[in-house]
There are 2 protein chains.
Amino acid sequence: MPARADSAWAEHALRALRQAGYRRGGARTAVVEALARHDCAVTAIELDDELRRRRPAVGRASVYRALEQLEQLGLVQRMEVTRGTAGYERVEPGGEHHHHAICRKCGRMVPFEDPKLERAIARLSEEISFEVTDHDVVLRGLCERCAD
Amino acid sequence: MPARADSAWAEHALRALRQAGYRRGGARTAVVEALARHDCAVTAIELDDELRRRRPAVGRASVYRALEQLEQLGLVQRMEVTRGTAGYERVEPGGEHHHHAICRKCGRMVPFEDPKLERAIARLSEEISFEVTDHDVVLRGLCERCAD
DNA sequence: AATCAAAATGAGATCCATTTTTATTTTCTT
DNA sequence: AAGAAAATAAAAATGGATCTCATTTTGATT
Ligand SMILES: [Mn+2]
Ligand SMILES: [Mn+2]
Ligand SMILES: [Zn+2]
Ligand SMILES: [Zn+2]
């Protein structure tokens with residue numbers, strides 16, 4: 001499960017960025033810290049709203065840029081949360097991660113993890129003629145509240 | 001595996017549409033037939049390109065409209081094929097379906113199916129407090145050709 | 001076959017998340 | 001401190017998707 005306000009992840013991410021040759025920069029750091037505060041997927045727009053009002057303000061382009069770099073380094077995971085908009089959430093260094101069940105009615109997102117599922121995916125990844133590095137599983141349906 | 005040029009699916013879809021109360025219409029029928037011709041995901045833009053040049057031409061809006069209706073009825077499955085663009089492919093009435101491995105470099109999409117994976121998902125769907133009706137699995141990485 | 005309300009359609013306008021551009025500021029090495 | 005490279009922000013551009021609305025088609029009813 002995602003730990004709330006994971007500052008350990010923030011440090012991990014900042015370290016990895018430096019390691020990858022990126023210089024330190026205020027905007028990118030702000031994005032990392034914001035991501036560390038969220039325990040599930042956030043959209044770039046939401047992050048932009050949070051960071052726009054800062055002193056100094058963080059630009060929208062910088063948010064997208066940082067997210068892309070972080071995704072590239074495997075520090076965040078990108079997924080489509082609603083039609084046409086992507087959500088981002090941090091990836092824990094240990095490799096532990098979760099997937100999501102998304103309510104088609106209200107949009108609520110419920111995270112889950114399942115070792116059996118992961119095992120099936122791991123096995124499958126070996127079998128197919130494809131060098132699999134990531135995977136994504138989305139369950140869709142109705143959440144508790146919306147189920148008639 | 002997806003059967004090539006599945007006209008049985010087209011008839012099935014057309015029947016389901018009528019059944020759902022839709023009148024018959026040239027544009028929608030053209031979209032159904034186009035989908036039947038593709039054995040893996042196609043984007044709305046690709047369908048639009050195919051159908052625009054017809055006599056009479058099918059409008060972009062009609063393509064999107066038909067796709068949404070078909071998805072609503074569970075006749076097609078929507079998925080994000082590349083950043084920001086959705087792909088659609090037919091859903092076989094029997095419930096058999098496949099998932100995709102997508103190359104992050106060249107975009108190639110390789111379909112696969114795996115009973116063990118499906119079983120893991122089915123079990124999981126029972127366990128969580130969510131009325132799961134659909135699922136989607138995407139493996140990402142490098143295809144044979146692009147793997148260094 | 002003629003009528004007509006409802007449904008379907010297509011062209012273009014519009015929306016909006018994301019990307020690109022560009023001028024300016026910051027970082028960091030020398 | 002100086003300079004080259006990297007980072008940033010604001011604005012413009014892009015492009016897939018959606019909306020609008022005038023026109024055409026459908027299918028039930030006469
Ligand atoms: Mn997993
Ligand atoms: Mn499946
Ligand atoms: Zn819900
Ligand atoms: Zn490839």
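Sequence lines set the chain letters: A, B, ... in the order given, protein chains first and strands last, and positions in each chain run from 1. No hydrogens, no waters, no symmetry mates; every other heavy atom, side chains included, goes into these values.
- At whole-Å resolution of the value, CG in B/Leu17 and C1' in D/dT26 are 15 Å apart.
- The ring-ring contact (aromatic ring centres under 6.0 Å, His included) contacts involving residues 115-148 of chain A comprise A/His97-A/His135, A/His99-A/His135, where partners must be two or more places apart or lie in separate chains.
- As rounded to whole Å, 18 Å separates atom C1' of D/dA17 from atom CZ of B/Arg83.
- Sequence neighbours left out, not one pair with a member in residues 117-130 of chain A passes salt bridge (charged side-chain N to carboxylate O under 4.0 Å, His left out).
- One atom, CZ of A/Arg53, and another, P of D/dA9, lie 16 Å apart when rounded to the nearest Å.
- Residues meeting the salt bridge (Lys or Arg N to Asp or Glu O under 4.0 Å) test with A/Arg65, sequence neighbours left out: none.
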Using distance only, find each side-chain donor-acceptor pair of residues 9-26 of chain A under 3.5 Å and give its atom names and separation, not counting sequence neighbours.
residue : atom : partner : partner atom : Å
A/Trp9  : NE1  : A/Leu75 : O            : 3.4
A/Trp9  : NE1  : A/Val91 : O            : 3.1

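- Pairs of residues two or more places apart, or lying in two chains, never qualify as ring-ring contact (aromatic ring centres under 6.0 Å, His included) while including a residue from residues 50-96 of chain A.
- For the atom pair B/Glu131 CD and A/Leu139 CG, the distance stands at 13.0 Å (nearest 0.5 Å).
- Comparing atom distances between the A/Arg60 side chain and each of D/dT18, D/dG16, D/dA12 picks out D/dA12 as nearest.
- Against DNA chain D, the stretch residues 18-30 of chain B makes heavy-atom approaches under 4.0 Å through B/Arg23, B/Arg24.
- Contacts between residues 62-76 of chain B and DNA chain D, counted as heavy-atom distances below 4.0 Å, involve B/Tyr64.
- Contacts classified as salt bridge (charged side-chain N to carboxylate O under 4.0 Å, His left out) and involving residues 68-84 of chain B (residues at least two apart or in different chains) are given here: A/Glu71-B/Arg83, A/Arg78-B/Glu80, A/Glu80-B/Arg78, A/Arg83-B/Glu71.
- Contacts of B/Ala8 classified as side-chain contact (heavy atoms from CB on, under 4.5 Å), with partners at least two apart in sequence or in another chain: B/Asp6.
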Tell me which donor-acceptor pairs under 3.5 Å the side chains of residues 100-112 of chain A have, and how far apart each pair is, sequence neighbours excluded?
residue  : atom : partner  : partner atom : Å
A/His100 : NE2  : A/Glu89  : OE1          : 3.3
A/His100 : NE2  : A/Glu89  : OE2          : 3.4
A/His100 : NE2  : A/His98  : NE2          : 3.2
A/Arg104 : NH2  : B/Thr133 : OG1          : 2.9
A/Arg104 : NH2  : B/Asp134 : OD2          : 3.0

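- Interface limits on DNA chain C: the 5'-most and 3'-most nucleotides within less than 4.0 Å of chain B heavy atoms are C/dA6 to C/dT19.
- Going from atom CG of B/Asp136 over to atom CG of A/Asp136 covers 8.0 Å, rounded to the nearest 0.5 Å.
- Take the nearest nucleotide of DNA chain D for B/Ala61 and for B/Thr85: the residue whose nucleotide is more 5' is B/Thr85.
- The stretch residues 41-50 of chain A participates, sequence neighbours left out, in these salt bridge (charged side-chain N to carboxylate O under 4.0 Å, His left out) pairs: A/Arg37-A/Glu50, A/Asp48-A/Arg52, A/Asp49-A/Arg52.
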